[in-house]
Amino acid sequence: ARRRRRGGGEGDLRETEGLALSIRRASDAVGAAMVEIPGMDRTRSEQLQTIAALIEEDREVGQAIDKAYAASEAKREEVREVVRGAWGMGVLGVEAWESGGEEEDEDEEEEEDGGSEAIEEDRRVLVQ
């Protein structure tokens, strides 16, 4: 069995009041935070309508982004073709590779196949 402390009634009362006050303050803080949540003033059906509208808007924006991305990729490829053509014509001030030996001939073959890493790296830098 539990023994009761004598003369502790007043201390227990103060402790209980302190705990009750802490709980009340925490409850008020939670209530204030909930009021700040967007849509808390709307009914469930109003919230669902807002969500549906946001989903539709998101879908439309996603389609617009996809179109813009496709257009930018097409433009990038167009620019790359121009740069590739300029590279082949020496317009960029880079002299064409001269074939003088077997190694260089192999490089030219690799370049045509896209296999020469150094040349491809130079192209990537120029295209970017």
Side-chain angles (χ1 to χ4, degrees):
R2 224 166 154 168
R3 284 188 158 179
R4 226 174 145 177
R5 291 188 322 199
R6 291 185 184 201
E10 192 174 307
D12 289 344
L13 182 60
R14 272 189 252 137
E15 186 176 341
T16 303
E17 286 174 348
L19 289 173
L21 184 60
S22 294
I23 291 170
R24 177 63 187 191
R25 286 181 182 152
S27 176
D28 289 346
V30 169
M34 287 183 64
V35 169
E36 297 295 319
I37 296 173
M40 286 301 290
D41 59 333
R42 297 185 197 125
T43 65
R44 180 174 172 78
S45 74
E46 289 173 331
Q47 289 176 355
L48 291 174
Q49 287 175 342
T50 300
I51 290 169
L54 289 171
I55 289 171
E56 179 61 24
E57 182 182 345
D58 182 62
R59 188 185 65 74
E60 291 170 1
V61 169
Q63 287 176 343
I65 289 171
D66 289 343
K67 284 181 183 178
Y69 182 77
S72 70
E73 280 195 325
K75 190 63 164 177
R76 181 182 67 189
E77 191 55 37
E78 184 181 318
V79 169
R80 283 183 172 175
E81 288 301 319
V82 169
V83 170
R84 284 183 191 122
W87 178 277
M89 296 184 301
V91 173
L92 298 175
V94 178
E95 293 182 20
W97 296 99
E98 295 179 16
S99 59
E102 276 186 44
E103 246 180 70
E104 291 174 353
D105 288 338
E106 288 175 12
D107 284 346
E108 283 181 12
E109 288 173 16
E110 287 179 11
E111 178 183 338
E112 289 172 12
D113 296 337
S116 175
E117 293 176 323
I119 293 171
E120 286 301 315
E121 179 61 28
D122 289 344
R123 285 182 180 173
R124 273 186 241 120
V125 168
L126 288 170
V127 171
Q128 294 175 356

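Predicted, not measured: the structure shown is a model, and the values here were computed from it.
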Is Glu17 salt-bridged to Arg14, cutoff N-O under 4.0 Å? no
Among all residues two or more places apart in sequence or in another chain, which pass the side chain to side chain donor-acceptor pair (under 3.5 Å) test with Glu81? Arg84
What are the two closest heavy atoms between Gln47 and Arg42, and how far apart are they? NE2-O, 3.6 Å
Do Leu48 and Leu54 land in one hydrophobic cluster if side-chain heavy atoms of ILVMFWY residues count as linked below 4.5 Å? no
Which side chain to side chain donor-acceptor pair (under 3.5 Å) pairs, counting each pair once, include a residue from residues 60-69, with sequence neighbours left out? Arg59-Gln63, Tyr69-Glu73
With a 3.5 Å distance limit and no angle check, can you tell me whether Ser27 reaches the backbone of Ile23 through a side-chain donor-acceptor pair? no
Thr43 side, atom OG1; Gln49 side, atom CD - distance, nearest 0.5 Å: 7.5 Å
Set of residues satisfying side-chain contact (heavy atoms from CB on, under 4.5 Å) with respect to Ile55, sequence neighbours excluded: Ile51
